[in-house]
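We count ligands from 1, going down the list as the structure has it; atoms in each ligand are counted the same way. Starting from 1, each residue takes its place in the sequence as its number.
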Amino acid sequence: MGFKRDFIWGAATASYQVEGAAYEEGKGLNIWDVFCEQKGKVFGGHTGEVACDQYHRYAEDVQLMKQMGLKAYRFSINWARILPDGVGEINPAGIAYYNHLIDELLANGIEPYITLYHWDLPYALHKKGGWLNEECVEWFGEYAKVIAEHFSDRVKFYFTFNEPQCFIALGYCGDVHAPGLQYGYREYFQICHNVLKSHGKAVLVLRKYAKQPVQIGFAPTGAFYFPETNKSEDIEVARKATFEEFDTVEGSMWHVAWLSDPIMLGHYPEEGLKKFAKYLPKITKEDMELIYQPLDFYGQNIYNAVKVRAGKEGELEIVKRYDGFPKTAIDWPVTPECLYWLPKFFYERYQKPIYITENGMSSTDWISLDGKVHDYHRIDFYHRYLKELKQAASEGVDIAGYFAWSLMDNFEWAKGYSERFGMIFVDYNTQERTIKDSGYWYKEVIEYNGENL
Ligand code: NOJ
């Protein structure tokens with residue numbers, strides 16, 4: 001046993017991180033265009049104005065994907081590229097761009113997976129209050145309709161939101177990401193609720209206007225825990241920490257269950273509802289029905305997790321990482337076990353096929369004297385993580401696919417171009433691309449469907 005025969009091996013990117021062409025062919029402004037203009041917000045004053053220039057180089061990029069043997073490409077639509085004001089008039093050049101990209105992918109045997117929202121809200125909607133304005137549900141619905149009408153004849157797979165935890169916490173409560181706000185608790189919970197309703201609305205609209213049956217999910221992140229041993233007490237503590245502990249609002253911002261339970265189970269976690277009651281917006285039965293749309297799969301971005309055990313009284317104990325613990329260039333710990341335990345936990349809780357929608361690492365890559373990129377650490381990272389995922393699959397967890405983050409080096413948000421997550425190296429001076437050793441390694445894994453791991 002291992003991965004299913006039709007397992008989807010893919011790689012992911014996001015519009016603002018790779019497209020560039022920020023001011024071209026009728027695209028409207030989005031909150032990241034504007035955030036990057038402000039001094040001191042992004043490392044080195046970098047912006048996504050050019051990024052990887054995928055807007056002009058998509059055909060070349062699809063050829064690289066083909067060379068890597070990818071079965072699927074997960075990319076996001078830049079909302080203001082197709083609807084410059086967020087709603088209303090459509091930009092034909094924006095639609096044409098995604099049509100070309102989709103056609104090119106399909107012509108090369110690569111399945112497109114569309115993410116509707118990977119953080120680049122049209123600036124025109126931001127000026128109207130953005131995600132804090134309850135009208136966002138209608139705006140997102142209109143956007144989803146445009147996507148369904150123009151792309152669903154060819155695109156079967158959709159994710160509504162990417163990592164809502166991240167853009168809400170860092171963008172609206174932390175001034176680290178666009179739009180750079182520092183809202184309080186009430187606004188935080190209101191935005192969560194609005195985003196959840198927008199998700200539900202988009203699912204309804206996509207299904208209603210799609211030109212063929214489509215499959216829909218979303219791609220959250222979270223703070224994850226895994227047990228030190230196989231003992232049931234340790235497992236219970238890890239599961240509880242992942243899904244049930246709501247001590248502070250700040251903690252809840254990274255809590256996967258706060259957003260995933262309403263979408264997958266139809267209700268917010270009880271403990272959080274009690275604890276945060278005084279900050280919560282009005283939550284109606286109709287709201288919860290809208291949010292709880294049947295989904296086809298459960299997507300999850302996972303990079304690392306915290307190892308825990310049960311203490312003497314069954315309480316949560318964090319297992320301290322030893323000095324010199326392995327970490328990636330961005331300082332994230334290397335904890336491959338998370339790709340065994342978390343898919344298990346999610347499958348038990350939400351009972352849907354699982355896609356790992358992002359996983360990967362940043363490394364200090366450069367082009368060697370021989371013209372190649374020898375990213376041995378990244379190969380080792382993927383190898384360890386994928387072995388764990390394979391084990392989960394072998395034990396019966398229904399895992400539908402895996403998307404490496406990222407297809408190519410790109411604009412890493414507030415860290416600009418200082419972090420390289422790609423399997424393809426991008427020289428930002430020349431836009432020259434070089435498939436890294438990890439990209440060739442991944443090709444073999446795909447060929448063997450993971451049997452060689
Ligand atoms: C999460 C985000 O979805 C993606 O945009 C980001 O680049 C990676 N993880 C790495 O931080």
Side-chain angles (χ1 to χ4, degrees), residues 10-20 30-33 35-36 41-43 46-48 51-52 54 73-79 113-121 158-172 174 176-178 195 199 217-224 253-254 256 259-260 298-305 327-335 338-339 342 355-365 375 377-378 381-382 385 402-426 428 438:
T13 63
S15 46
Y16 193 76
Q17 294 181 274
V18 298
E19 280 180 6
N30 63 52
I31 54 173
W32 271 94
D33 295 320
F35 186 71
C36 292
K41 298 288 188 196
V42 176
F43 173 87
H46 299 172
T47 78
C52 307
Q54 191 164 85
Y73 179 44
R74 174 184 169 227
F75 62 96
S76 75
I77 305 263
N78 184 327
W79 188 341
Y113 279 66
I114 285 182
T115 305
L116 271 68
Y117 190 75
H118 202 128
W119 308 356
D120 40 7
L121 184 73
Y158 298 85
F159 302 100
T160 55
F161 283 91
N162 177 75
E163 296 201 356
Q165 292 87 349
C166 206
F167 79 79
I168 300 174
L170 299 182
Y172 291 87
V176 178
H177 281 184
V195 164
H199 158 87
F218 77 123
T221 184
F224 308 123
M253 290 184 184
W254 295 101
V256 68
L259 301 177
S260 289
Y298 182 72
Q300 184 68 59
N301 294 359
I302 305 181
Y303 287 85
N304 52 65
K327 58 175 186 166
T328 67
I330 202 171
D331 248 351
W332 297 354
V334 180
T335 57
C338 63
L339 275 203
L342 274 306
Y355 279 95
I356 302 301
T357 32
E358 281 184 30
N359 172 243
M361 68 170 270
S362 149
S363 181
T364 53
D365 308 316
D375 55 339
H377 283 112
R378 185 173 285 105
F381 178 102
Y382 278 120
Y385 275 69
Y402 173 89
F403 291 89
W405 185 273
S406 173
L407 172 71
M408 61 210 303
D409 296 337
N410 58 49
F411 177 81
E412 178 56 22
W413 309 112
K415 296 193 183 276
Y417 299 100
S418 67
E419 301 289 344
R420 293 185 177 273
F421 273 90
M423 284 184 169
I424 297 173
F425 184 91
V426 178
Y428 298 111
S438 60

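- A search for side chain to side chain donor-acceptor pair (under 3.5 Å) contacts involving K327 returns D331, not counting sequence neighbours.
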List, pair by pair, the atoms of ligand 1 and of the protein that are both N or O and lie under 3.5 Å apart, giving the separation rounded to 0.1 Å.
unit_1, atom_1, unit_2, atom_2, d
ligand 1, 3 (O), H118, NE2, 3.1
ligand 1, 3 (O), N162, ND2, 2.8
ligand 1, 3 (O), E358, OE1, 3.2
ligand 1, 3 (O), E358, OE2, 2.7
ligand 1, 5 (O), Q17, OE1, 2.8
ligand 1, 5 (O), H118, NE2, 2.8
ligand 1, 5 (O), W413, NE1, 2.8
ligand 1, 7 (O), Q17, NE2, 2.9
ligand 1, 7 (O), W405, NE1, 3.3
ligand 1, 7 (O), E412, OE1, 2.6
ligand 1, 9 (N), Y303, OH, 3.2
ligand 1, 9 (N), E358, OE1, 2.9
ligand 1, 11 (O), E412, OE2, 2.6

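- Closest approach of R378 and R420 over heavy atoms only: NH2-O, 2.8 Å.
- A donor-acceptor pair under 3.5 Å is absent between the side-chain atoms of N304 and the main chain of T335, judged by distance alone.
- At least one donor-acceptor pair closer than 3.5 Å links the side chain of W119 to the backbone N or O of N162.
- F161 places none of its side-chain heavy atoms less than 4.5 Å from the side chain of L259.
- Side-chain atoms of Y385 come within 3.5 Å of backbone N or O of Y303 as a donor-acceptor pair.
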